[in-house]
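Just so we're on the same page: letters track the sequence lines, and every chain starts at 1.
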There are 2 protein chains.
Amino acid sequence: MSLSHAILGFLSKQPQTGYTLKNEHFDKSVAYFWPADQTQIYKTLDKLVEQGFATSKIEYQSDRPNRKVYSITKQGKVELERWLGEAIEPPMYRDPLLVQLFFSEFSDSETMINVLKSSRAKHEAVLQALKAVDLPVAAKCTDYEDLAARLTLELGLKSKQAYIEWFDEAITAISAFDKKRKRAAKAR
Amino acid sequence: MSLSHAILGFLSKQPQTGYTLKNEHFDKSVAYFWPADQTQIYKTLDKLVEQGFATSKIEYQSDRPNRKVYSITKQGKVELERWLGEAIEPPMYRDPLLVQLFFSEFSDSETMINVLKSSRAKHEAVLQALKAVDLPVAAKCTDYEDLAARLTLELGLKSKQAYIEWFDEAITAISAFDKKRKRAAKAR
DNA sequence: GAGAGCATGTAAGAGGTTACATGATTCC
DNA sequence: GGAATCATGTAACCTCTTACATGCTCTC
């Protein structure tokens with residue numbers, strides 16, 4: 001399970017709480033390829049402690065709620081390293097849009113084109129957000145950490161660009177098919 | 001939920017059983033963008049009947065197990081059409097590989113490169129499988145059904161190609177970084 | 001006085017996977 | 001004799017999401 005290992009990764013950088021994991025880490029650096037829910041982060045932290053991969057200490061605070069600070073254990077480090085070398089099966093990507101397209105014969109091409117356009121806009125917005133991320137290009141990275149982050153970003157950019165090219169081709173192809181069909185209907 | 005609607009789509013083409021849905025449809029046409037588990041197909045069929053979107057009739061067979069043939073209802077057709085026009089949020093893609101890459105500073109670059117190479121090979125295999133699918137190019141489709149199927153395939157091809165280009169760039173970038181680092185260490 | 005920030009949690013549910021059970025027939 | 005095909009299901013589990021609860025402090 002990747003969430004456990006992502007948490008172990010962040011705890012390797014420094015001991016911290018579920019709250020900071022969520023707000024300072026998951027919602028920032030890895031959000032675009034591994035978003036994590038607050039509830040699940042807390043549950044997973046519990047599990048990591050059970051498994052002996054992390055320990056927690058309560059830090060009492062007077063003016064704010066107490067914090068539970070988690071640290072990675074030796075066992076946790078071993079487990080993280082093991083997992084980092086594991087060849088994991090690429091996950092299946094399920095996109096409802098493709099299901100809609102596949103069965104769009106039961107709707108009509110105009111509706112389908114609108115659905116495609118609206119989806120294209122959403123992907124475009126994500127692409128723009130990714131483009132706005134401020135990280136040096138791979139060749140200019142001096143830290144390995146930056147290089148790794150840059151490369152994850154790069155895949156996001158490439159995938160989104162591929163998607164957007166595809167949207168344009170798909171919309172054009174469906175429009176063209178539609179015109180052809182209308183011309184044929186007129187000729188009869 | 002897309003599985004329900006994919007089933008409604010297949011039932012629109014013709015009434016059939018859970019068994020044929022799995023073996024003749026899900027495992028073939030839509031397998032690469034919406035694989036479905038047998039157990040879940042049966043569960044979802046029950047749910048569709050409950051919701052009034054499908055009905056079932058038992059067909060008694062003497063030499064083989066009885067079959068439960070499902071048909072879409074009017075309500076089901078209305079629901080499918082409604083869903084086909086819905087603008088659905090693009091799903092989040094979570095790839096453990098990117099988590100591994102992001103935290104690869106806690107392993108070593110050689111290990112990471114091996115993980116990348118092994119993943120690349122798996123993606124390459126899928127790409128080859130997609131290339132082997134026999135469907136006319138979009139411009140030559142005479143049926144709308146073929147066009148829709150072709151376009152879903154096209155996205156798969158494009159995405160995989162983008163992935164593979166990225167793999168090559170990522171592997172090159174990490175190797176280059178590594179050489180630079182080793183040269184710097186030597187110079188000291 | 002309202003809302004944001006800090007901080008941790010419970011309960012319930014949706015969607016998907018894995019393992020297992022049954023039992024006849026047909027093909028090698 | 002063993003495997004594949006036909007055909008439907010149950011039980012248990014994992015991951016993730018949504019809604020809700022608590023309560024103090026600081027800022028507008």
Side-chain angles (χ1 to χ4, degrees), chain A residues 1-8 15-28 30-31 33-51 54 56-70 83 88-96 99, chain B residues 1-8 15-28 30-31 33-51 54 56-70 83 88-96 99:
Chain A
M1 181 204 174
S2 302
L3 182 61
S4 312
H5 295 97
I7 291 178
L8 288 179
Q16 56 193 301
T17 67
Y19 188 84
T20 56
L21 277 168
K22 169 71 177 161
N23 296 286
E24 286 168 35
H25 296 283
F26 280 98
D27 283 358
K28 297 193 177 158
V30 299
F33 62 86
W34 208 280
D37 189 78
Q38 176 248 105
T39 317
Q40 217 193 337
I41 290 173
Y42 284 111
K43 260 194 292 181
T44 305
L45 282 167
D46 281 348
K47 212 191 64 189
L48 288 174
V49 172
E50 252 179 60
Q51 293 173 316
S56 68
K57 259 189 196 166
I58 295 177
E59 228 177 61
Y60 296 91
Q61 300 189 126
S62 49
D63 54 336
R64 292 179 189 177
N66 300 331
R67 334 163 66 221
K68 244 176 158 173
V69 182
Y70 292 85
W83 182 81
I88 298 170
E89 279 303 306
M92 259 308 309
Y93 289 152
R94 294 167 203 253
D95 192 337
V99 179
Chain B
M1 181 203 173
S2 301
L3 182 60
S4 313
H5 294 97
I7 291 179
L8 288 178
Q16 57 193 300
T17 66
Y19 188 84
T20 57
L21 277 169
K22 169 69 177 161
N23 297 286
E24 287 168 34
H25 296 283
F26 280 98
D27 283 358
K28 297 193 176 159
V30 299
F33 62 85
W34 208 281
D37 189 77
Q38 178 247 103
T39 316
Q40 218 192 336
I41 289 173
Y42 284 112
K43 259 193 293 181
T44 306
L45 281 168
D46 281 347
K47 212 192 63 189
L48 287 175
V49 172
E50 253 179 60
Q51 293 173 314
S56 69
K57 259 190 197 167
I58 295 177
E59 227 176 61
Y60 294 93
Q61 300 190 124
S62 49
D63 54 336
R64 292 178 188 179
N66 298 331
R67 334 163 65 220
K68 241 173 158 176
V69 182
Y70 291 86
W83 182 80
I88 298 170
E89 279 304 303
M92 257 309 307
Y93 289 152
R94 292 168 205 253
D95 193 337
V99 179

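Each salt bridge (Lys or Arg N to Asp or Glu O under 4.0 Å) pair with one or both residues in residues 17-27 of chain A, not counting sequence neighbours, appears once here: A:K22-A:D27.
Between the NZ atom of B:K47 and the C1' atom of C:dG13 there is a distance of 12 Å, rounded to whole Å. For A:Y93 and C:dG15, the OH to C1' distance is 19 Å, given to the nearest whole Å. The NE2-P distance, from A:H25 to C:dA7, rounds to 13 Å in whole Å. In this structure, B:Y70 atom OH and D:dG9 atom C1' are separated by 10 Å, rounded to whole Å. Rounded to an integer number of Å, the gap from A:L45 CG to D:dC16 C1' is 16 Å. Put simply, CG on B:D27 is 16 Å from P on D:dA4, counting in whole angstrom units. Following rounding to the nearest Å, B:L48 (CG) and C:dA14 (C1') show an atom-to-atom distance of 15 Å. Following rounding to the nearest Å, B:K22 (NZ) and D:dC6 (P) show an atom-to-atom distance of 14 Å.
For the pair A:Y42 and C:dG9, the criterion of a side-chain N or O lying under 4.0 Å from OP1 or OP2 is not met. Remark: B:Q61 is in phosphate contact with D:dA7, judged by side-chain N or O atoms under 4.0 Å from OP1 or OP2.
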Dump the intermediate steps for side chain to side chain contact (heavy atoms under 4.5 Å, CB included) on B:S2 and A:R94, then the final yes or no. CA-CA 9 Å; B:S2 301; A:R94 294 167 203 253; over 6 Å; no
Applying side chain to side chain contact (heavy atoms under 4.5 Å, CB included), run through B:D46 and B:Y70 and close with a yes or a no. CA-CA 10 Å; B:D46 281 347; B:Y70 291 86; 4.0 Å; yes
Kindly indicate, with the supporting measurements, whether the criterion side chain to side chain contact (heavy atoms under 4.5 Å, CB included) is fulfilled by A:E59 and A:T17. CA-CA 10 Å; A:E59 228 177 61; A:T17 67; over 6 Å; no
Pair B:V30, B:H25 - check side chain to side chain contact (heavy atoms under 4.5 Å, CB included), show working. CA-CA 7 Å; B:V30 299; B:H25 296 283; over 6 Å; no
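Rounded to the nearest 0.5 angstrom, B:M1 CE and B:I7 CD1 are separated by 7.0 Å. Here A:L3 contributes atom CG and A:F26 contributes atom CZ; the two are 5.0 Å apart, rounded to the nearest 0.5 Å. Rounding to the nearest 0.5 Å gives a distance of 11.0 Å between CD of A:Q38 and NZ of A:K43.
Here C:dG15 is the nucleotide among C:dT8, C:dG15, D:dT15 with the atom lying nearest to any side-chain atom of B:M1.
Remark on the helix from C:dG1-D:dC28 to C:dC28-D:dG1: inter-end axis angle 30°, axes from five-pair C1' superpositions, rounded to 10°.
Looking at heavy atoms from C-beta onward, B:D95 lies out of side-chain contact with A:P90 at the 4.5 angstrom threshold.
Nearest-nucleotide assignment on DNA chain D puts the 5′-proximal partner with B:G18, out of A:L3 and B:G18.
In this structure, A:N23 reaches neither bases nor backbone, as no heavy-atom distance under 4.0 Å exists between it and the strands shown.
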Let me have a per-nucleotide readout for nucleotides 17-28 of chain C, 5' to 3', with B, S or -, counting only protein heavy atoms under 4.0 Å. BBB---B-S---
